[in-house]
Trainee: 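Next up is a structure, given as structure tokens.
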Amino acid sequence: MKKILIPTKLDSSATKLLQDHGGYSVVQDPKAVLLDFAKANPDAHGLIVRSEKVTAEVINALPNLRVIVRAGAGFDNIDGKYARSRGIDVMNTPGANSNAVAEEVVALILADCRHIIRADSTTREGLWEKSKLMGRELAGKTVGIIGLGNIGRLVAKRLTGFECRVLGFDPLVPVERVKDFGIEPADVRTIFAESDFVTLHIPQNNETKGFVNKELLQLMKNDATLVNCARAGIVNEDDIRAAKQMKAIRFLNDVYPKDAEGPKSVTDIADIMMPHLGASTVEANRKAAIRAAEELMDLDEKGVSPFIVNRDIPQGLDASFCDLAYTLARLGRGLLGNEKPFTRIEVSYYGTLEPFAKWLSLSLLNGIWQDIDRSTDYKAAIQGLEEKGIVFKVRDPDASKHYDSSMTIDLVSKDTDGIEKRVSVRGTVGEKLTMIARIDEFDHLYWVPDGTALFFEYKDRPGVIATIAKYLVKDDVNIEDMRNPHNPKSGNSLALLSVNKPISDELVAEIAKKIDARIARCISF
């Protein structure tokens with residue numbers, strides 16, 4: 001009999017499923033202090049948690065532990081790396097709360113449109129503020145959705161009955177796929193400028209931190225509403241504060257840097273605040289509980305592991321090649337344009353890397369989409385891409401090229417006119433350093449990507465590098481490394497410059513215009 005600990009208020013479905021199985025005993029205590037609970041049950045085989053912090057100390061108190069399941073999508077409350085060092089699998093239950101969050105978004109919008117919170121409060125006080133509480137109708141309005149994963153797509157679906165115009169943006173979802181969802185494709189600036197309501201459904205990472213900033217807020221209509229039920233860090237609170245002084249925008253919020261009692265930094269700017277209730281429905285709790293129990297049993301009995309999120313690098317694969325795959329994908333995405341949705345991702349693994357194609361592909365995908373990392377199950381990752389309408393292909397390597405321990409990545413996008421654009425990059429590892437060997441038609445680069453780099457492709461002619469340097473000097477930018485290959489077949493040259501600091505979009509555009517660049521990008525690694 002395997003003991004399973006549940007130190008949280010999780011729906012009883014998990015306990016029932018495990019006990020009905022006959023091979024498990026369950027100890028559930030919603031009020032337990034996790035470390036004390038662990039010390040009292042050192043023989044536990046499994047642990048199912050929600051937001052409880054599973055630290056190294058907790059793991060050390062459970063010497064027989066083999067699996068930890070997070071009944072929810074996020075798993076940053078679990079020390080997955082330490083768990084892996086102890087041979088413990090960590091799993092999550094993605095998608096279990098998607099509908100709950102989507103419905104919360106619609107509920108927040110309706111509550112704000114009709115002043116439901118204030119109306120209830122003042123009416124209970126004996127007031128009759130009917131003339132002051134003139135509301136707005138959701139029907140016929142424009143709703144912009146940033147991020148078209150499970151939750152974003154469900155928000156669009158739930159809005160169908162309100163006859164809204166729904167705009168959507170996701171840099172990884174092809175335009176045709178967005179249309180299949182019943183959503184009108186639009187870029188971020190258009191969404192913020194034209195929407196009556198903007199709702200955020202993107203992860204928080206280095207790229208999205210402070211995503212909603214002064215520039216985007218200035219585009220919003222005077223009476224528009226911003227809804228954040230995603231992550232606190234994706235909005236710049238100070239910029240929202242300043243914007244609300246200039247225009248009557250509304251801010252509806254359900255997420256915070258820390259889920260705990262105490263003062264909240266958005267109190268003065270949030271028109272509605274909720275204590276992170278997105279996933280707090282009976283149905284979502286039940287779904288997560290059932291999924292957690294089923295995944296645990298499937299892992300034990302069948303070795304089914306699509307939801308393990310802390311796999312280790314396989315024996316025989318140098319971790320530096322995982323970094324190479326990540327960097328090549330990040331480079332390709334940057335060169336193609338971060339705002340461009342993909343239709344195809346094609347990759348070739350050469351020599352000693354071919355046996356590790358699936359594992360390296362996860363690192364590659366992480367360079368494009370940070371919700372996928374090398375701890376994710378390969379089949380689950382590919383299924384996620386298929387749902388977004390993205391074709392992923394691992395090509396058979398051409399051994400005659402003798403690209404030992406190298407990889408090539410091609411990213412393909414298609415614009416609204418149906419015109420395809422392809423970026424191809426190849427790289428390898430030398431002396432533990434990631435090296436870019438080729439970018440499109442420019443070969444034999446052997447450039448080490450680090451820090452910030454500028455890329456300008458232009459028709460070859462004298463004086464271009466001097467012009468670029470002249471503009472960089474004005475902004476006190478130092479060139480630390482440079483490649484300037486020329487392709488006589490096309491007549492194009494590439495200026496690849498490693499510089500000492502990030503360059504503004506305005507300066508990149510100014511240089512591009514001056515040298516008539518075909519491609520102009522600034523990418524940070």
Trainee: Would you say the side chain of I109 lies within less than 4.5 Å of the side chain of V227, judging by non-hydrogen atoms?
Mentor: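 Yes. Closest side-chain heavy atoms under 4.5 Å.
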Trainee: Taking K244 as the fixed residue, which of D271, D268, D238 is the one that meets the salt bridge (Lys or Arg N to Asp or Glu O under 4.0 Å) rule?
Mentor: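 Exactly one pass, corresponding to D271.
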Trainee: Determine, for R395 against D410, whether the closest basic-nitrogen to carboxylate-oxygen distance falls under 4.0 angstrom.
Mentor: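 Looking at R395 and D410, the cut-off is met.
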Trainee: Looking only at heavy atoms, what is the nearest atom pair of V394 and S361, with distance?
Mentor: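 Heavy atoms only, the tightest pair is CG2-OG, 4.0 Å.
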Trainee: What I'd like to find out is whether the side chain of W447 reaches to under 4.5 Å of the side chain of L496, using heavy atoms alone.
Mentor: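 Yes; the side chains approach each other to less than 4.5 Å.
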Trainee: Could you give me the CA-CA distance, side-chain angles and deciding distance for E480 and S498, then say whether side-chain hydrogen bond (donor to acceptor under 3.5 Å, both in side chains) is met?
Mentor: CA-CA 5 Å; E480 298 180 333; S498 297; over 6 Å; no
Trainee: Got a salt bridge between K388 and D170, using NZ or NE/NH1/NH2 to carboxylate O under 4.0 Å?
Mentor: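 A salt bridge is present here (some side-chain N lies under 4.0 Å from a carboxylate O).
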Trainee: Is the shortest distance from a Lys or Arg side-chain nitrogen in R330 or E207 to a carboxylate oxygen in the other one below 4.0 Å?
Mentor: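 Yes, this pair counts.
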Trainee: Charged N to carboxylate O under 4.0 angstrom, E215 versus R189?
Mentor: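 Yes, E215 and R189 are salt-bridged.
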Trainee: Heavy atoms, side chains only, cut-off 4.5 Å: are K221 and D196 in contact?
Mentor: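 Heavy-atom side-chain distance check passes, below 4.5 Å.
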Trainee: Looking at every heavy atom in both L362 and A381, which two are closest together, and how far apart are they?
Mentor: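 Taking every non-hydrogen atom into account, CD2-CB, 3.7 Å.
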Trainee: Using distance alone, with no hydrogens and no angle criterion, decide if N492 and E457 have a side-chain donor and acceptor under 3.5 Å apart.
Mentor: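 E457 and N492 do have a side-chain donor-acceptor pair below 3.5 Å.
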Trainee: Determine whether E506 and D475 make a side-chain contact, defined as any pair of heavy atoms from C-beta on separated by less than 4.5 Å.
Mentor: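 SC-SC contact between E506 and D475 ruled out.
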Trainee: Does one side chain, of S413 or E420, offer a donor that lies under 3.5 Å from an acceptor on the other?
Mentor: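 Checked: S413/E420 side chains show no N/O donor-acceptor pair below 3.5 Å.
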Trainee: Whether E346 and R422 form a salt bridge (side-chain N of Lys/Arg under 4.0 Å from carboxylate O of Asp/Glu) is what I want to check.
Mentor: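 Yes, this pair counts.
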Trainee: Calculate, to the nearest 0.5 Å, the distance between atoms CZ and OG belonging to F321 and S406 respectively.
Mentor: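 It comes to 7.5 Å.
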Trainee: Can you give me the closest heavy-atom contact between D254 and C229, atom names plus distance?
Mentor: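 That closest heavy-atom pairing would be CB-SG, 4.0 Å.
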Trainee: Answer yes when R165 and E194 have at least one side-chain N-carboxylate O distance shorter than 4.0 Å, and no when they do not.
Mentor: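 Result for this pair is yes, salt bridge flagged.
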Trainee: For the pair T225 and R136, evaluate side-chain hydrogen bond (donor to acceptor under 3.5 Å, both in side chains) and give the outcome as yes or no after the intermediate values.
Mentor: CA-CA 12 Å; T225 300; R136 294 181 295 162; 3.3 Å; yes
Trainee: Any ion pair linking K513 and E510 (charged N to carboxylate O, less than 4.0 Å)?
Mentor: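 A salt bridge is absent here (no side-chain N lies under 4.0 Å from a carboxylate O).
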Trainee: Do F392 and W369 have ring centres separated by under 6.0 Å?
Mentor: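 Aromatic pair excluded; centres sit 6.0 Å or further apart.
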Trainee: Going by the ring pair (Phe, Tyr, Trp, His ring centres under 6.0 Å) test, which pairs reach into residues 192-237, not counting sequence neighbours?
Mentor: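 Those involving residues 192-237 do not exist here.
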Trainee: Quick check on salt bridge (Lys or Arg N to Asp or Glu O under 4.0 Å): which of R438, R426, R483, K489 does D443 satisfy it with?
Mentor: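 Of all the options given, the one that passes is R426.
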